[in-house]
Amino acid sequence: MTGHEVVDHARSLLGRSFRGHGVTLRITEVEAYGGVNDPASHAFSRTARSEIMYGEPWRLYVYRSYGMHLCLNVVTGPTEQAAAVLVRSGEVLEGRELARLRRGPTVADANLARGPGNLARSLGATMDDLGTYLLDGEAVWLGPAAATAPDITAGPRVGVSKAADVPWRFWITGDPTVSAYRRSPRAP
DNA sequence: CCAAAGATCGTG
DNA sequence: ACGATCTTTGGG
């Protein structure tokens with residue numbers, strides 16, 4: 001599988017700030033998806049849904065998961081590769097009350113944006129955010145990269161049935177906001 | 001047209 | 001281990 005540029009992008013997103021609709025977090029967990037050469041990537045098949053990944057980098061790919069969650073991805077390019085990075089977890093830094101309003105009163109701070117569905121919800125994302133350019137300070141945007149590189153651990157991606165052992169999930173070592181690993185029941 | 005599979009999450 | 005919930009996808 002080619003396309004390890006996306007791995008560099010994934011790692012550099014760790015520690016970077018990510019803001020959505022009034023809530024800012026620090027990204028603690030991501031997964032790289034290689035696009036046309038990665039059987040686990042939605043862009044492995046070029047369809048209406050994955051078309052955004054064949055476009056301009058630094059745009060937001062939003063998709064609905066299991067009919068009830070949204071997941072947020074940063075399209076990283078190059079365009080012919082259609083690669084993207086799934087933002088899986090973060091530590092809420094600003095707008096905690098708003099995040100709690102969206103997630104519910106009983107959720108612990110560390111769990112507000114723990115896991116991709118929860119993260120999208122804490123940021124107040126909707127399908128209307130699909131295609132947002134992430135470097136222009138719009139409703140959803142990426143802040144500057146981390147000042148110092150965090151300590152990173154790698155492992156297999158969560159929930160994928162194809163290429164289930166490719167270690168393209170990256171997280172900040174020891175961070176309490178990182179989600180638990182769950183292997184797909186369909187993975188060989 | 002229909003069936004099945006999801007880049008999930010909370011509960012038990 | 002299981003169910004909620006529904007869109008997208010691929011096969012016939």
Side-chain angles (χ1 to χ4, degrees), chain A residues 1 3-7 9-11 13-14 18 20 25 27-55 59-77 81-90 92 99-131 134 140 153-171 176-188:
Chain A
M1 186 159 31
H4 38 281
E5 273 177 82
V6 68
V7 167
H9 279 120
R11 298 176 69 101
L13 281 171
L14 288 173
F18 189 34
L25 53 79
I27 299 171
T28 58
E29 179 189 359
V30 295
E31 278 174 359
Y33 285 89
V36 294
N37 296 309
D38 180 359
S41 173
H42 289 169
F44 188 68
S45 303
R46 186 167 186 167
T47 64
R49 183 178 66 163
S50 65
E51 191 59 30
I52 180 77
M53 289 193 270
Y54 287 82
R59 303 230 296 176
L60 187 70
Y61 167 42
V62 187
Y63 71 90
R64 188 168 295 280
S65 175
Y66 290 88
M68 58 186 87
H69 308 289
L70 295 180
C71 293
L72 308 185
N73 303 252
V74 178
V75 174
T76 60
Q81 195 76 37
V85 176
L86 170 65
V87 184
R88 289 192 57 90
S89 298
V92 174
R100 190 178 304 288
L101 214 59
R102 290 167 176 159
R103 292 276 291 119
T106 65
V107 178
D109 280 0
N111 295 345
L112 285 172
R114 184 177 194 233
N118 294 335
L119 180 142
R121 224 182 130 191
S122 72
L123 294 185
T126 68
M127 286 304 297
D128 287 346
D129 296 314
L130 175 65
L134 294 170
V140 183
T153 308
R157 294 172 289 187
V158 174
V160 301
S161 62
K162 301 171 195 171
D165 298 312
V166 174
W168 279 8
R169 174 184 179 231
F170 305 95
W171 63 92
T177 67
V178 175
S179 69
Y181 177 65
R182 280 157 137 137
R183 189 181 176 88
S184 167
R186 301 174 200 273

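What you see is a predicted model; the values in this text were computed from it and never measured. Letters A, B, ... are given to chains in the order of the sequence lines, protein chains preceding strands, and every chain is numbered from 1. Hydrogens, waters and symmetry mates play no part in the numbers below; they use all other heavy atoms, side chains included.
- Rounded to whole Å, the distance from CZ on Arg64(A) to C1' on dT5(C) is 10 Å.
- A salt bridge links Arg183(A) to Asp165(A): at least one charged side-chain nitrogen sits closer than 4.0 Å to a carboxylate oxygen.
- For the pair His42(A) and dA7(B), the criterion of a side-chain N or O lying under 4.0 Å from OP1 or OP2 is met.
- Atom-to-atom, OH of Tyr66(A) to P of dC2(C) comes out at 15 Å; the value is rounded to the nearest Å.
- Here dT9(C) presents its P atom at 11 Å from CD of Glu51(A), a figure rounded to the nearest Å.
- Nucleic acid contact class of Ser184(A) (heavy atoms, under 4.0 Å, all strands): none.
- Of the residues listed (Leu60(A), Leu72(A), Val75(A)), the one engaging Leu134(A) in a side-chain contact (heavy atoms from CB on, under 4.5 Å) is Leu60(A), and it is the only one.
- As a whole-Å value, the separation of Arg88(A) CZ from dA7(B) C1' is 7 Å.
- Across dC2(C) and dA5(B), the matching P atoms stand 16 Å from one another, rounded to whole Å.
- A straight line from CZ of Phe44(A) to P of dA5(B) spans 18 Å, rounded to a whole angstrom.
- A donor-acceptor contact shorter than 3.5 Å is absent between the side chain of Thr177(A) and the backbone of Ala113(A).
- Put simply, Thr47(A) has no side-chain N or O that comes within less than 4.0 Å of OP1 or OP2 on dT8(C).
- When heavy atoms are screened at a 4.0 angstrom cut-off, Arg186(A) is found touching the sugar-phosphate backbone but no base atom.
- The CZ atom of Arg183(A) sits 18 Å away from the P atom of dC9(B) (whole-angstrom rounding).
- At the heavy-atom level, Asn73(A) lies under 4.0 Å from base atoms of the strands shown.
- Of the nucleotides present, dA5(B) is the one that pairs with dT7(C) by Watson-Crick or G-U wobble criteria, both distances under 3.5 Å.
- Distances shorter than 4.0 Å separate none of the side-chain N or O atoms of Asn111(A) from OP1 or OP2 on dC9(B).
- Contact annotation: Ser161(A) side-chain N/O to dG6(B) OP1/OP2 distance is under 4.0 Å.
- A donor-acceptor contact shorter than 3.5 Å is absent between the side chain of Asn111(A) and the backbone of Val107(A).
- When distances run from any side-chain atom of Ser45(A) to the nucleotides dC9(B), dG10(C), dA7(B), the shortest one goes to dG10(C).
- At distances below 3.5 Å, not a single donor-acceptor pair connects side-chain atoms of Arg121(A) with backbone N or O atoms of His69(A).
- Listed in residue order, the members of residues 101-109 of chain A having a heavy atom less than 4.0 Å from DNA chain B are Arg103(A).
- Remark: ring of Tyr33(A) stacked against base of dA7(B); centroid gap under 5.5 Å, plane tilt under 30°.
- For the pair Leu112(A) CG and dC9(B) P, the interatomic distance rounds to 13 Å; values are reported in whole Å.
- Between the side chain of Arg114(A) and the main chain of Ser89(A), no donor-acceptor pair closer than 3.5 Å is present.
- Distance from the side chain of Arg49(A) is smallest to dT9(C) among dT9(C), dA7(B), dG10(B).
- With hydrogens and angles ignored, the 3.5 Å screen pairs a side-chain donor or acceptor of Arg103(A) with a backbone N or O of Leu112(A).
- With dG10(C), dA7(B), dC9(B) as the candidates, the nucleotide lying closest to the side chain of Tyr63(A) is dA7(B).
- Heavy-atom distances to DNA chain B give each of Val160(A) and Arg182(A) a nearest nucleotide, and the one nearer the 5′ end belongs to Val160(A).
- Not one N or O on the side chain of Tyr63(A) forms a donor-acceptor pair closer than 3.5 Å with the backbone of Ser50(A).
- For the pair Ile52(A) CD1 and dT8(C) P, the computed distance is 15 Å after rounding to whole Å.
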